[in-house]
Amino acid sequence: MQAIFETLFDIVYLITVITLGILMIRGNKGRKQYLLYGVMAVALGCGDAFHLVPRAIALCTTGLENYTAALGIGKLVTSITMTLFYVLLYYVWRCRYEVEGRKKMTISVWVLAIVRILLCLMPQNAWTSADAPLSWGIYRNIPFAILGALIVALFFRSAKASEDKPFHFLWLTVVLSFACYIPVVLFADAVPAVGMLMIPKTCAYVWTVLIGYNAMRGEK
């Protein structure tokens with residue numbers, strides 16, 4: 001039952017975000033923010049596919065324990081593409097609210113992203129091992145959480161100040177995604193049921209993508 005439900009859920013998710021991303025790339029009509037948004041959505045879907053596809057195959061065949069290496073590599077790829085997702089979202093913020101300058105802010109975003117990616121690439125993560133250390137799961141997610149908090153603050157303030165109704169709740173989608181993701185990082189190995197939080201986390205990302213797509217359609 002889990003295999004069927006989770007596989008169908010993941011298929012719908014991947015098709016949805018990648019399709020919406022392609023539609024934004026093709027239909028942005030020179031509006032840079034939606035081109036970036038489309039690339040962001042495609043990167044999200046393609047990156048997650050590296051983890052979700054092997055997971056679906058594992059669930060429907062011989063089990064997760066026989067796909068440890070593939071799942072680990074998939075998690076690594078997903079970790080990197082998710083980092084790029086937030087970097088692109090930062091540039092969406094700059095385009096949408098016509099932000100000029102703010103070099104220190106841009107440098108901070110890139111430093112956090114690069115540190116996160118470097119931490120993900122460290123061999124101590126033991127991505128292909130069944131006993132990957134929790135400590136490194138925490139280390140690599142510290143700059144990621146700070147980056148997410150920064151994005152939340154930027155969109156919350158800008159959307160409120162400009163009364164931007166289409167993007168009014170974008171900050172909330174990021175908060176929800178991290179609220180579901182952090183417990184999984186900390187407790188999923190000890191309490192497997194916590195892994196179910198990845199479902200609302202995934203829904204939060206779909207909501208993020210839909211906000212951009214609906215905003216683009218609303219401006220036509």
Side-chain angles (χ1 to χ4, degrees), residues 1-22 38-89 113-145 147-148 177-178 180-206 208-209:
M1 190 66 180
Q2 177 191 355
I4 296 173
F5 172 78
E6 189 172 327
T7 299
L8 289 176
F9 179 83
D10 291 341
I11 289 172
V12 171
Y13 160 65
L14 292 174
I15 291 175
T16 299
V17 295
I18 292 174
T19 299
L20 292 176
I22 292 172
V39 173
M40 185 180 80
V42 171
L44 172 68
C46 291
D48 282 357
F50 276 88
H51 174 63
L52 296 179
V53 171
R55 183 175 175 84
I57 294 172
L59 288 172
C60 294
T61 55
T62 57
L64 297 174
E65 65 277 3
N66 294 312
Y67 286 80
T68 301
L71 290 170
I73 293 172
K75 286 182 180 179
L76 169 59
V77 174
T78 298
S79 297
I80 294 173
T81 54
M82 282 305 310
T83 307
L84 297 176
F85 174 90
Y86 283 106
V87 172
L88 289 169
L89 191 53
I114 291 170
V115 170
R116 153 78 167 177
I117 291 172
L118 289 176
L119 287 172
C120 288
L121 293 173
M122 296 296 287
Q124 289 88 341
N125 288 285
W127 290 105
T128 58
S129 170
D131 299 313
L134 173 61
S135 58
W136 276 87
I138 295 173
Y139 299 155
R140 65 177 179 261
N141 279 297
I142 290 174
F144 187 51
L147 177 60
S177 67
F178 274 94
C180 295
Y181 174 66
I182 292 174
V184 172
V185 172
L186 296 175
F187 307 117
D189 288 340
V191 186
V194 175
M196 294 296 290
L197 286 172
M198 294 302 285
I199 294 176
K201 168 187 172 290
T202 300
C203 293
Y205 279 117
V206 174
T208 303
V209 174

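Quick note: residue numbers are just sequence positions, from 1.
A donor-acceptor pair is defined here as one N or O able to donate and one able to accept, closer than 3.5 Å; such a pair exists between the side chain of Thr78 and the backbone of Gly47.
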Decide side-chain contact (heavy atoms from CB on, under 4.5 Å) for Ile142 and Arg116; before the verdict, give the C-alpha distance in whole Å, the side-chain angles of both, and the deciding distance to 0.1 Å.
-> CA-CA 8 Å; Ile142 290 174; Arg116 153 78 167 177; over 6 Å; no
Worked check of side-chain contact (heavy atoms from CB on, under 4.5 Å) between Phe187 and Leu197 | CA-CA 11 Å; Phe187 307 117; Leu197 286 172; over 6 Å; no
Any chance you could lay out the side-chain contact (heavy atoms from CB on, under 4.5 Å) test for Leu59 and Glu6, step after step, and finish with the verdict?
-> CA-CA 9 Å; Leu59 288 172; Glu6 189 172 327; 3.5 Å; yes
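Using a 30° and 60° split on the angle between ring planes, Tyr86 and Phe178 fall in the tilted class, from 30° to 60°. Relative orientation of the Tyr139 and Trp136 rings is perpendicular, given thresholds of 30° and 60° on the angle between their planes.
Within the 4.5 Å cutoff, side-chain heavy atoms of Val206 are placed close to those of Val17. Counting only heavy atoms from C-beta outward, the side chains of His51 and Val77 never approach each other to under 4.5 Å. Under the 4.5 Å side-chain criterion, counting only non-hydrogen atoms from C-beta, Val209 is not in contact with Met40. By the 4.5 Å heavy-atom criterion applied to side chains, Asn125 and Arg140 are counted as neighbours. Looking at heavy atoms from C-beta onward, Leu76 lies in side-chain contact with Leu121 at the 4.5 angstrom threshold. Considering only heavy atoms from C-beta on, Ser79 comes within 4.5 Å of Trp127 through its side chain. When side chains are defined from C-beta on, Phe50 does not count as touching Thr81, because their heavy atoms never get closer than 4.5 Å.
We find the CG-CG distance between Leu186 and Leu134 to be 6.5 Å, quoted to the nearest 0.5 Å. The distance from atom CD1 of Ile15 to atom CG of Leu20, rounded to the nearest 0.5 Å, is 11.5 Å. Here the straight-line distance linking atom CE of Met82 with atom CD1 of Ile117 works out to 12.0 Å at 0.5 Å rounding. To the nearest 0.5 Å, atom CG of residue Leu44 and atom OG1 of residue Thr208 are 8.5 Å apart.
Taking the six-membered ring wherever Trp is involved, the centroid distance between the rings of Tyr13 and Tyr205 does not fall below 6.0 Å.
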